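In this text the structure is predicted, and so the values were computed from the model without any measurement. The analysis underlying the following values was restricted to heavy atoms, covering all of them including side chains, and did not include hydrogens, waters or symmetry mates. Residue numbering restarts at 1 for every chain, and letters A, B, ... go by the order of the sequence lines.
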Number of protein chains: 2
Amino acid sequence: MADSRKERRGSYAKGVAKREEILERALDVIAREGYRGASIKELADAVGLSQAGLLHYFDSKEELFTAILRKRDEIDSAGFGLYQPDGSVSSGDLRAGYLGVIRHNADVPGLVHLFARLSVDASDPDHAAHEFFVSRGQTLREVFAAVITKQQAAGEVTDRIDPDVLARVFQAVADGLQVQWMLEPDVDMAGTIDALFAALDPRSDADRNGARGGEAS
Amino acid sequence: MADSRKERRGSYAKGVAKREEILERALDVIAREGYRGASIKELADAVGLSQAGLLHYFDSKEELFTAILRKRDEIDSAGFGLYQPDGSVSSGDLRAGYLGVIRHNADVPGLVHLFARLSVDASDPDHAAHEFFVSRGQTLREVFAAVITKQQAAGEVTDRIDPDVLARVFQAVADGLQVQWMLEPDVDMAGTIDALFAALDPRSDADRNGARGGEAS
DNA sequence: GTCTATATGTTGATAGAC
DNA sequence: GTCTATCAACATATAGAC
């Protein structure tokens with residue numbers, strides 16, 4: 001959470017503001033133009049800075065790309081109402097919000113690619129993004145598990161599985177579907193997840209409706 | 001499936017044999033000692049060849065690592081009875097076999113890492129492993145969907161979801177759990193998947209038993 | 001068939017001018 | 001604060017000796 005800032009005094013505020021501006025611009029560029037290789041130079045060109053100019057704001061390449069993903073989460077959280085540690089997400093909003101994020105992902109292939117790539121690299125405990133991914137996953141699952149627990153009590157989700165485990169499953173499905181989607185863009189990520197939600201809903205035993213997702217290939 | 005062979009005559013068989021030997025050795029080394037960066041040189045050292053010597057058997061780095069994963073699948077298929085295109089997998093064997101593979105993965109972290117990394121890189125249609133991953137996924141899902149269809153008819157799996165979609169879900173869960181596991185080795189991949197199997201089993205409504213998986217953090 | 005040597009390229013990061 | 005110039009480190013791939 002705590003950003004690593006180098007400047008101590010003077011143009012402190014300006015530096016932070018510019019940093020944020022860079023992140024937003026980078027986010028936009030990566031989302032639209034995609035992400036391949038992700039060298040600092042490539043990104044620097046895209047945001048209109050030299051490579052050294054860009055590295056003035058970030059200590060290293062890893063830190064830079066981690067900051068970009070952090071920023072992405074920040075924006076998505078605000079837009080879809082997820083990830084809050086206080087668990088202030090209502091049951092109905094979770095499913096809708098989660099599906100909203102997934103659906104949105106299909107519009108930002110470059111970010112999906114960056115996320116997937118970095119999450120693999122970050123398995124190294126020394127990687128700058130390691131902590132980010134670990135704690136991001138924990139928070140995400142906590143929010144999910146809390147809502148699932150409530151939904152199970154209300155009979156909206158099968159209680160045949162532990163909430164923590166199911167939360168982990170949903171995280172895994174989302175991540176795994178992204179890989180499938182990157183390989184075959186016809187894959188319907190949101191539809192597939194929605195179908196899983198439906199399959200785990202004990203109601204709708206008689207009337208079956210949303211049981212179908214996409215079936216590319 | 002068709003290997004790209006360079007040599008036409010002469011020591012043809014010998015070359016292929018050596019190639020296989022290299023792959024097996026590489027598989028073993030990566031599985032045990034892990035995989036970081038995965039340069040050709042690193043692998044060459046591990047298998048007791050110079051970098052150039054290793055590249056004598058493979059056209060490029062991408063092709064080499066693709067061949068390694070192909071070999072891994074080959075061995076796993078034989079050992080656990082999966083991936084056969086003819087769908088000769090019995091219902092009971094699928095769940096057991098799949099869990100067997102997942103459980104085995106926890107013993108070969110380097111291979112899991114290589115697989116995850118390459119599957120992301122292979123999203124580029126020009127990547128040498130692109131075709132491999134696409135067709136691997138298709139075959140895997142076909143086998144799964146066929147078995148699920150039978151199980152649904154037998155009332156062993158909920159019919160509240162389309163078999164093709166559920167097959168995709170299982171693939172996604174497995175891939176996604178691998179990422180979680182690489183980040184946090186305490187994650188119980190097999191246990192989580194088994195819990196999902198159980199949650200989707202309409203039987204065991206009264207007696208609930210295997211509904212719990214691992215809950216690391 | 002395997003090696004050494006090398007061509008060629010790219011990367012992340014730093015030094016220093018402005 | 002941003003640039004140009006430069007660095008060392010490493011990668012893949014190839015040429016050619018043995």
Side-chain angles (χ1 to χ4, degrees), chain A residues 3-26 30 35-68 114 117-118 120-122 124 126-129, chain B residues 3-26 30 35-68 113-114 117-118 121-122 124 126-129:
Chain A
D3 294 340
S4 68
R5 311 181 181 93
K6 288 159 43 179
E7 41 287 78
R8 298 275 165 71
R9 64 189 97 259
S11 47
Y12 177 86
K14 170 93 185 297
V16 171
K18 175 79 182 192
R19 208 184 119 116
E20 291 302 300
E21 184 198 315
I22 290 175
L23 287 180
E24 276 162 34
R25 177 111 182 81
I30 293 177
Y35 160 100
R36 293 255 170 261
S39 62
I40 297 180
K41 184 185 180 322
E42 237 177 308
L43 191 56
D45 291 347
V47 302
L49 272 176
S50 74
Q51 190 225 39
L54 179 55
L55 272 185
H56 176 73
Y57 294 95
F58 303 90
D59 293 334
S60 70
K61 174 195 178 180
E62 292 180 352
E63 204 237 318
L64 163 59
F65 285 110
T66 307
I68 291 175
L114 173 61
R117 170 63 180 270
L118 217 60
V120 172
D121 292 353
D124 182 345
D126 292 335
H127 194 283
Chain B
D3 294 338
S4 67
R5 312 181 180 91
K6 288 152 60 171
E7 41 288 81
R8 298 275 165 69
R9 66 190 94 260
S11 48
Y12 178 87
K14 172 99 182 297
V16 170
K18 176 79 183 187
R19 207 183 119 116
E20 292 301 301
E21 185 199 315
I22 290 174
L23 288 180
E24 275 162 33
R25 178 112 183 79
I30 293 177
Y35 159 101
R36 293 256 169 260
S39 62
I40 296 180
K41 183 182 182 323
E42 239 178 306
L43 191 56
D45 291 347
V47 302
L49 273 175
S50 73
Q51 189 227 41
L54 181 54
L55 272 185
H56 175 72
Y57 294 97
F58 303 90
D59 293 333
S60 70
K61 173 196 180 181
E62 292 180 354
E63 203 238 318
L64 163 59
F65 285 109
T66 307
I68 291 176
H113 192 240
L114 174 61
R117 171 61 181 269
L118 218 60
D121 292 352
D124 182 345
D126 292 335
H127 194 285

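Counting to the nearest Å, the C1' atom of C:dG9 and the CD atom of A:E42 are 15 Å from each other. One interatomic measurement links the two molecules: OH of B:Y57 to C1' of C:dT2, which rounds to 8 Å at whole-angstrom precision. Whole-Å rounding puts the A:E63 CD to C:dG12 C1' distance at 14 Å. Rounded to a whole Å, the NE2 atom of B:H56 is 5 Å from the P atom of C:dG1. Spacing between atom CG of A:L64 and atom P of C:dT11 amounts to 14 Å, rounded to whole angstrom units. In this structure, the CD atom of B:E21 is 14 Å from the C1' atom of C:dT2, given to the nearest Å. Atoms CG (B:L54) and C1' (C:dG1) sit 13 Å apart, rounded to a whole Å.
Phosphate proximity of C:dA13 to A:K41: absent, as no side-chain N or O sits under 4.0 Å from OP1 or OP2. Taking 4.0 angstrom as the limit, B:S39 places a side-chain polar atom (N or O) nearer than this to OP1 or OP2 of D:dA11.
Pairing each heavy atom of A:S39 with each of A:F65, the nearest pair is O-CZ, 4.4 Å. The nearest pair of heavy atoms linking B:L43 to B:A26 is CD1-CB, 4.0 Å.
Between A:Y57 and A:L23, the closest side-chain pair of non-hydrogen atoms is not below 4.5 Å. Proximity of A:I22 to A:F58: side-chain heavy atoms (C-beta onward) are separated by under 4.5 Å at one or more points. Annotation: side chain of B:Q51 is not in contact with side chain of B:D45 (no heavy-atom distance under 4.5 Å).
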Would you tabulate the pairs of protein nitrogen or oxygen atoms and nucleotide nitrogen or oxygen atoms of nucleotides 13-16 of chain D closer than 3.5 angstrom?
residue	atom	partner	partner atom	Å
D:dA13	OP2	B:K61	N	3.0
D:dA13	N7	B:Q51	OE1	3.2
D:dA13	N6	B:Q51	OE1	3.1

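Atom NZ of B:K61 sits about 7.0 Å away from atom CD1 of B:I40, to the nearest 0.5 Å.
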